[in-house]
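Indexing begins at 1, ligand by ligand and atom by atom, following the structure's order.
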Amino acid sequence: MSLAIETNVPLAPLTTFELGGAAESFVAVRSEAECLEALAHAEARGLPVTVLGGGSNVVVPDEGVRGLVLAIRSRGLHLEEVGGASVRLRASAGEPWEDVVEAAVSRDLAGLECLTGIPGLAGATPIQNVGAYGQEVGDRLVSVEAYDRETRRVITLDRDACELGYRQSRLKREAGRYVVLAVTFELTRGGAPSIRYRELAEACPEGASLADVRRTVFALRKKKSMVLDPADPNRRSAGSFFTNPVVDADTFARVVEVALTRGLVAREEDVPRYPAGDAVKLAAGWLIERAGIQKGMRRGPVGVSSAHALALVHHGGGTTGELLALAASIRAQVEAVFGVRLEAEPRLLGPDGAPALA
Ligand SMILES: Cc1cc2nc3c(=O)[nH]c(=O)nc-3n(C[C@H](O)[C@H](O)[C@H](O)COP(=O)(O)OP(=O)(O)OC[C@H]3O[C@@H](n4cnc5c(N)ncnc54)[C@H](O)[C@@H]3O)c2cc1C
């Protein structure tokens, strides 16, 4: 096998934000074997390695990325009956996520139907335990096959070893260590669709099938510019830019007090929140809007999506510096009003996989 390594490759077109500089060197790997070969090539030369999937949750620094950017393009879906109604679906890391959802729903396999419309590739889904409309990949994840760059071995991490949480995992915490080669899910043939969100329940037809739920979720997401659509003016984004903050009871009480004092809500119950164990998960989009930042606001070539306060968008001709300055000012405004610090969801593309906002 010979790897087609290129130098000085612009990364903006490979990401949904369409921002940032070039990769010092770049290789697209089309199989798991090629991926391992590229990793061995980088190790032999002491090159820093950065993994790129579909580029839908990353921010590329304006100065570009040093070392080797490894774009995962390996394809392959494999189904295995495991007894009863259970079916295992193994997806190579470069498989487009929507194809994985399609493979499940079209075979009447329940478990991924609410995760339609999420851009990117299968290999990235366990990294932040991708989720939407009450479903998370972690609900169905069996294992992750990965190359461990520390021990230089291909390993299999079972679900527990992935230490999944809300937009969190060991793979994300130990960024740069694991290169995901494939993911395996266990799905239920003929299983009932998951309809946990009121918004989804209200929009679904009576007795909805898996395909109905998938179609409905997709339509709901489209209205919020949460699917990739070349005709959508909000299309250059990474989806939600901030995660929903999980806060303790004292912080939640302070948020409620601010909201009541400022007349933002009439009653405590009107402050949106979701249960999160002993803690409370707040709605970051609500905090942003109530802190006075409107949907559709613009600061030059960047702004807030006109469809969703949680998504920052690039309108073209901007820089990553401008995007991150806007993100930092939104975070500062929310913190000044509510005393809650928002965390960025996308990662800064680079060997360390750091959060987009430190
Ligand atoms: C319009 C829009 C809507 C979105 N909606 C949602 C949503 O509803 N829920 C949600 O959870 N996310 C959502 N996202 C975020 C994003 O789509 C997901 O996080 C997705 O899983 C990222 O996949 P990717 O292949 O594009 O990863 P990339 O953006 O390429 O990479 C993300 C991070 O994962 C690392 N990585 C990628 N692949 C691998 C691999 N094989 N091995 C090791 N590391 C890897 C990268 O180095 C990087 O740090 C949305 C994004 C957009 C643009």
Side-chain angles (χ1 to χ4, degrees), residues 11 14-18 20 29 32 35 38-39 48-60 65 69-74 91-98 100-101 114-138 144-149 157 162 164 166-183 197 217-218 220-222 224-230 232 234-244 305 307-308 310-314 344-356:
L11 292 168
L14 302 176
T15 69
T16 52
F17 264 129
E18 297 180 26
V29 292
E32 291 162 35
C35 181
L39 286 162
V49 173
T50 300
V51 179
L52 178 67
S56 64
N57 213 16
V58 289
V59 176
V60 179
V65 178
V69 171
L70 187 68
I72 307 285
R73 301 292 180 256
S74 52
S92 224
E95 198 60 42
W97 177 246
E98 197 61 26
V100 180
V101 175
C114 294
L115 302 178
T116 185
I118 300 179
L121 308 179
T125 58
I127 297 195
Q128 68 156 7
N129 188 15
V130 154
Y133 290 90
Q135 231 172 30
E136 289 179 333
V137 288
V144 169
E145 289 156 69
Y147 179 75
D148 180 347
R149 299 185 61 225
L157 295 167
C162 291
L164 302 168
Y166 164 64
R167 297 292 111 34
Q168 200 42 275
S169 75
R170 171 176 174 185
L171 306 163
K172 183 168 168 178
R173 268 193 298 275
E174 296 185 42
R177 175 165 177 184
Y178 301 104
V179 179
V180 176
L181 301 171
V183 278
Y197 271 30
V217 168
F218 198 91
L220 290 170
R221 294 182 63 96
K222 196 165 162 59
K224 298 176 193 168
S225 296
M226 281 292 171
V227 296
L228 291 184
D229 173 358
D232 187 334
N234 297 309
R235 70 186 173 281
R236 296 187 198 90
S237 85
S240 301
F241 195 89
F242 298 102
T243 52
N244 289 324
S305 163
H308 201 308
L310 207 43
L312 302 191
V313 293
H314 167 220
E345 187 185 298
R347 313 301 284 183
L348 201 58
L349 197 69
D352 318 324

(request) Heavy-atom distances under 4.0 Å are what count here, so tell me which part of I127 touches ligand 1: side chain, backbone, both or neither. (result) side chain
(request) Could you tell me the residue and atom name of the protein heavy atom closest to atom 22 (C) of ligand 1, and the distance to it rounded to 0.1 Å? (result) S56 OG, 3.3 Å
(request) Start with the C-alpha gap between Y133 and R221, add the side-chain angles, then the distance that decides, and say whether side-chain hydrogen bond (donor to acceptor under 3.5 Å, both in side chains) holds. (result) CA-CA 10 Å; Y133 290 90; R221 294 182 63 96; over 6 Å; no
(message) Can you give me the closest heavy-atom contact between L115 and A132, atom names plus distance?
(response) CD2-N, 3.5 Å
(message) Please check: side-chain N/O of Y166 versus main-chain N/O of N244, any donor-acceptor pairing under 3.5 Å?
(response) yes
(message) Using a 4.0 Å cutoff against the non-hydrogen atoms of G120, which atoms of ligand 1 qualify?
(response) 23 (O), 24 (P), 25 (O), 26 (O)
(request) Using non-hydrogen atoms of the residue, decide whether E136 is closer than 4.0 angstrom to ligand 1. (result) no
(request) Give yes or no for whether the N/O distance cutoff of 3.5 Å, strictly under, is met between V180 and ligand 1. (result) yes
(request) Please determine if G54 has a nitrogen or oxygen closer than 3.5 Å to a nitrogen or oxygen of ligand 1. (result) yes
(message) I'd like to check L157 versus R170 (side-chain heavy atoms, cut-off strictly below 4.5 Å). Are they in contact?
(response) yes
(request) Looking only at protein heavy atoms, identify the closest one to atom 52 (C) of ligand 1 and say how far it is in Å. (result) G239 N, 3.3 Å
(message) Evaluate A132 for polar contact with ligand 1, using N/O atom pairs at a separation under 3.5 Å.
(response) no
(request) Could you tell me if any non-hydrogen atom of R167 lies under 4.0 Å from any atom of ligand 1? (result) yes
(request) Examine distances only and state if a side-chain atom of E98 and a backbone atom of G117 form a donor-acceptor pair shorter than 3.5 Å. (result) yes
(message) When you measure from the side chain of H314 to the backbone of R236, do you find a donor-acceptor pair of N or O atoms at a distance under 3.5 Å?
(response) no
(message) Below 4.0 Å, non-hydrogen atoms only: which portion of Y178 touches ligand 1? Side chain, backbone, both or neither.
(response) backbone
(request) State the atoms of ligand 1, each with its element, that fall below the 4.0 Å cut-off from a heavy-atom position in L52. (result) 30 (O)
(message) For the backbone of G53 and the side chain of R73, can you confirm whether one donor and one acceptor N or O come within less than 3.5 Å of each other?
(response) yes
(message) Considering both backbone and side-chain atoms of V179, is one of its nitrogen or oxygen atoms within less than 3.5 Å of a nitrogen or oxygen in ligand 1?
(response) no
(message) Please report whether ligand 1 has a polar contact with Q128, defined as an N or O pair separated by less than 3.5 Å (distance criterion only).
(response) yes
(request) Return yes or no for this condition: an N or O of N129 is under 3.5 Å from an N or O of ligand 1. (result) no
(request) Within a distance under 4.0 Å of any heavy atom of R347, pick out the atoms of ligand 1 and give their elements. (result) 49 (O)
(request) Provide the number and element of each atom of ligand 1 under 4.0 Å from a heavy atom of V58. (result) 29 (O), 31 (O), 32 (C), 48 (C)
(message) Is there a polar contact between ligand 1 and P119, counting only N or O atoms under 3.5 Å apart?
(response) yes
(request) Give yes if a backbone or side-chain nitrogen or oxygen of T16 is under 3.5 Å from a nitrogen or oxygen of ligand 1, and no if not. (result) no
(message) Give me the nearest non-hydrogen protein atom to atom 37 (C) of ligand 1 as residue plus atom name, then the distance to 0.1 Å.
(response) A124 CB, 3.7 Å
(message) I want to know if ligand 1 touches L121 in the polar sense, i.e. an N/O pair below 3.5 angstrom.
(response) yes
(message) Counting non-hydrogen protein atoms only, what is the nearest one to atom 13 (C) of ligand 1? Give residue, atom name and distance.
(response) I118 CG2, 3.8 Å
(request) Give the residue, atom name and distance (to 0.1 Å) of the protein heavy atom nearest atom 28 (P) of ligand 1. (result) G55 N, 3.6 Å
(message) Among all the protein's non-hydrogen atoms, which is closest to atom 9 (N) of ligand 1, and how far away is it?
(response) G131 O, 2.8 Å
(message) I need the minimum non-hydrogen distance between V65 and P351, along with the two atoms involved.
(response) CG1-CD, 4.4 Å
(request) Among all protein heavy atoms, pick out the one at the shortest distance from atom 29 (O) of ligand 1; state its residue, atom name and that distance to 0.1 Å. (result) N57 N, 2.7 Å
(message) In this structure, does ligand 1 have an atom that sits under 4.0 Å from one of the heavy atoms of G353?
(response) no
(request) Among L52, L349, T50, find the residue that satisfies the side chain to side chain contact (heavy atoms under 4.5 Å, CB included) test when tested with V60. (result) L349
(request) Please identify which atoms of ligand 1 are closer than 4.0 Å to at least one heavy atom of V130. (result) 11 (O), 18 (C), 19 (O), 21 (O)
(message) Among all the protein's non-hydrogen atoms, which is closest to atom 5 (N) of ligand 1, and how far away is it?
(response) R221 NH2, 2.8 Å
(request) Answer yes or no: does an N/O atom from V51 fall short of 3.5 Å to an N/O atom of ligand 1? (result) yes
(message) Tell me whether S169 contacts the main-chain N or O of K172 through its side chain, where contact means a donor paired with an acceptor under 3.5 Å.
(response) yes
